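Read the structure below first, then the notes.
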Amino acid sequence: MIRATAVQDGTGAYTIGLAPAPDAPPAKPLAIGDKVEGELNADTGANDDGQRAQLYRFSAEAGQRVAIELSSAISTPIWSCKTVLMAV
């Protein structure tokens, strides 16, 4: 599903287009308690938006709470965390 919404309450024309996206880089396993250091550089893969990204995955039990802490030496880092929940 694609949803077009206004940032503010308003109306206006818009255009939606679809194009092939680059393959997502493989997600690296991350266990609870692990700490990972990484760097985005010219060899880093791209996410669905075409931005350089490193993807990580982890497993948790239903109802288990986890805290994710991100830090960077970059003066204005931009982070994105997308949540996908699956019951097995």
Side-chain angles (χ1 to χ4, degrees):
M1 171 175 38
I2 298 173
R3 177 180 302 164
T5 60
V7 175
Q8 298 178 5
D9 187 22
T11 61
Y14 62 89
T15 301
I16 294 178
L18 296 176
D23 291 339
K28 300 173 186 177
L30 184 64
I32 293 175
D34 286 354
K35 288 190 175 188
V36 175
E37 291 185 15
E39 180 180 350
L40 302 178
N41 56 45
D43 296 326
T44 305
N47 65 11
D48 292 342
D49 297 324
Q51 299 166 320
R52 297 187 195 290
Q54 291 180 342
L55 305 178
Y56 297 91
R57 60 180 162 79
F58 68 93
S59 298
E61 298 294 323
Q64 181 178 358
R65 294 173 49 137
V66 297
I68 300 171
E69 181 181 331
L70 304 169
S71 63
S72 174
I74 300 171
S75 61
T76 56
I78 298 175
W79 297 103
S80 173
C81 184
K82 295 186 180 182
T83 304
V84 177
L85 302 175
M86 294 176 40
V88 178

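The analysis underlying the following values was restricted to heavy atoms, covering all of them including side chains, and did not include hydrogens, waters or symmetry mates. Owing to the predicted nature of the structure, the values given are computational and were not obtained by experimental measurement.
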Task: Inter- and intrachain pairs under side chain to side chain donor-acceptor pair (under 3.5 Å), touching residues 56-68, at least two apart - done: Gln54-Tyr56
For residues 26-36, dump all side-chain donor-acceptor pairs below 3.5 Å to protein atoms at least two apart in sequence or in another chain.
residue: Asp34; atom: OD2; partner: Ala31; partner atom: N; Å: 2.9

Open item on the list: Restricting to side chain to side chain contact (heavy atoms under 4.5 Å, CB included), what partner residues turn up for Leu18, sequence neighbours left out?
Closed with: Ile2
Task: Euclidean distance, Arg52 CZ relative to Leu40 CG, rounded to 0.5 Å - done: 8.5 Å
